[in-house]
Structure formats: structure tokens, C-alpha cells
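The block underneath contains the structure these notes are about, expressed in C-alpha cells.
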Amino acid sequence: MHTPDNFNPSHQLPAVVTGAALAFAFVDGRLLVAGSADDTPVIPTLADLQAAEVSGVRHYLGELAGVPCIALVLPDDAPAPPGFSAAGLRSLFFTLPETLLALAGRAFQIAEWDRTHRYCGRCATPMRDRAGERARECPACGHVAYPRNSPAMMVLVTRDRELLLARAHRFPGAMYSALAGFVEAGETIEDCIHREVREEVGVDVTGIAYFASQSWPFPHSLMIAYTAEYAGGDMRPCDEEIADAQWFALDALPTLPNRVSIARRLIDATIERLRQQP
Ligand SMILES: [Zn+2]
């Protein structure tokens, strides 16, 4: 997920938001869509939601090809009105166009920030919006809270023409993927790569190279993907996190992640690169 080319982001809510605005409305972390959530979900306009008597806290997202877009945060117990359903973002991956999915992911993170930062984390006073930026501040103690963004690294380790792929306990079915983990306080991303690879499978790496990044709103990750080369150590998968990890030859690969994920793009690009090596 990334910012669409024809999207102009802004946090400054206009004095009047037109009824034609696209409204990404969230109830308890789920997106309100019109139409069939399983088949052809439709992002409603603000006018559609107003006609259904749906209202909530508004956050401005910006304009998509000139059309204003807002996030709307409804009470957690608000029922979906007739003709709408509340769908988890993951369930919309293959039914919502990529541009709208990216904006839904952006809206989701802002809605989550809204509903988890209503009170000051320091003194518990109700927070208020801060002028001039997407932030909330405490009127009593001045504490400021921004939408959360948690950096995580993903790394595909290669050894000659083999890929190190692992199956985490939480993965569905028999899927294998690159290693990944959250950056901890005080770490660089490179520190995180060395630590996570050592912790998860017991090997050392070198030659870390940036591949690409992807916003991953589950709930607020920024996934930053790398390749690295094996530098030493015996494979010892960590029992707590990893069900299995192996070196896979290019012609004997396991089930891989879905193509919407940066993991799959990282794996496919690396396979292509290794295949082209003499
Ligand atoms: Zn406070």
C-alpha cells in the first residue's frame, strides 16, 4: 500500500465538506461499505452516509483526483445502517481497487489513532485536536500524540542460489516467507535485521541492501524490506516464533505469500535476480 499518484494529502478539514466526498467510516476498526462486502464493495460518499443518518468524528485525508476524502470515526457500538456492512480491511484486499484500498488503510490508521488517543496518556485529561498538524494535545499538561507508525523490517536472506524462508506459527496453512520483526527502541533498522535473524533462525548476515517499503495498516506498521547474504552460523529456528525455517532452492520453493504483500514482491524480485546470475 502506498500513496496513490493522484492523491493530494492534507490534514486541514475544510469549513464545508461536500456531500460528494468519499467517506471512509470505521466502526470498531471495520470499514462501512455499501454493496456486497464480499463481491463489489463501494466506498460511500458523505451524502450517502448522511442519508443513512450516520455521523462521527471527521478527519480530513486530502483529495483524490479533486474529490475530497474523509475518515469518519463512529462509536464502537454503532450498528451498520441498512444497505451497508462493516468489513475488515483484509477482507477487502481483492475486492476494492488498489487506490481505494490504500486510502482505506490510511483512513484506518487515523481512525485507530482517534479512538485510542481520546485521553491523555500522562494525566488522563480528554485530548483536543492541535491546530496546524495531525496531532492531539492535552489541554492540562501539554502532552502531544501523533498517529502511530511502527517501523518493522523484513529481510530475505540468500546463500548462493538458495533463499532462507520461514514459517511462523501464525502463518496460514503451509506458507513460508521472509523473516520480519519490529524495530526496538534504540535500534537502527540494520541493528534490527542482525538481531531478528539471529534470534529467529540463529544465523548471521552481511550485505544488507534496501528493497522497498510498504504501509501495512495492521494496525500501524511501516514494513521496510531488505535483502541480505548469509554470513555464517547453523540454522536453529526459534521454537516460540518459527514453526520451520529452511534453505530453499529456486526450483523447489514452498507456498509463498500472496502477491499483494511486499514479502512476495521481495521474494519474486530476488528469485529473478538469482536466476539471471551466471
Ligand atoms: Zn495531560
Side-chain angles (χ1 to χ4, degrees), residues 1-3 7-18 21-32 43 46 49-50 53-64 68-80 86-90 101-153 180-189 191-192 195-196 213-224:
M1 291 196 189
H2 58 89
T3 306
F7 180 69
N8 184 22
S10 167
H11 55 78
Q12 200 64 51
L13 189 68
V16 177
V17 182
T18 156
L22 287 176
F24 297 86
F26 289 89
V27 180
D28 197 15
R30 296 159 72 81
L31 180 64
L32 272 194
I43 303 297
L46 183 59
L49 291 180
Q50 284 170 332
E53 297 185 337
V54 171
S55 64
V57 178
R58 292 179 183 184
H59 292 276
Y60 195 57
L61 301 174
E63 287 190 349
L64 178 68
C69 300
I70 62 168
L72 211 57
V73 188
L74 276 48
D76 282 355
D77 57 359
L89 270 192
R90 282 181 196 274
L101 187 67
L103 293 184
R106 180 182 284 252
F108 170 81
Q109 293 189 60
I110 292 165
E112 280 301 286
W113 165 68
D114 178 294
R115 79 176 181 136
T116 55
H117 291 80
R118 289 179 182 169
Y119 298 91
C120 175
R122 187 189 281 152
C123 76
T125 300
M127 301 281 267
R128 66 182 177 203
D129 288 339
R130 187 179 168 97
E133 58 181 346
R134 175 114 50 215
R136 284 222 160 129
E137 64 185 0
C138 172
C141 77
H143 175 62
V144 178
Y146 296 91
R148 286 179 69 183
N149 221 335
S150 304
M153 73 78 201
F182 284 104
V183 178
E184 294 187 349
E187 282 186 329
T188 63
I189 297 172
D191 293 337
C192 175
R195 176 184 53 78
E196 283 280 352
S213 67
Q214 181 180 47
S215 173
W216 197 242
F218 303 104
H220 40 65
S221 297
L222 172 63
M223 187 61 81
I224 313 164

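One-based numbering, in listed order, for ligands and for the atoms of each. Only a predicted model underlies this, so the values are computations on that prediction, with no experimental measurement involved.
For Trp113 and His220, the gap between ring centers reaches or exceeds 6.0 Å.
Between Thr3 and Arg106, the side chains place a donor N or O and an acceptor N or O closer than 3.5 Å (distance only, hydrogens not considered).
Qualifying side-chain hydrogen bond (donor to acceptor under 3.5 Å, both in side chains) partners for Asp129, counting only residues two or more places apart in sequence or in other chains: Arg136. Contacts of Ser215 classified as side-chain hydrogen bond (donor to acceptor under 3.5 Å, both in side chains), with partners at least two apart in sequence or in another chain: Gln109.
When each of Arg134, Glu133, Arg130 is paired with Tyr146, the side-chain hydrogen bond (donor to acceptor under 3.5 Å, both in side chains) condition holds for Glu133 and for no other.
Residue pairs meeting the salt bridge (Lys or Arg N to Asp or Glu O under 4.0 Å) criterion with at least one partner in residues 69-79, sequence neighbours excluded, are Asp76-Arg115.
Legend: protein N/O/S atoms lying under 2.8 Å from the Zn ion (ligand 1), waters omitted, number 4.
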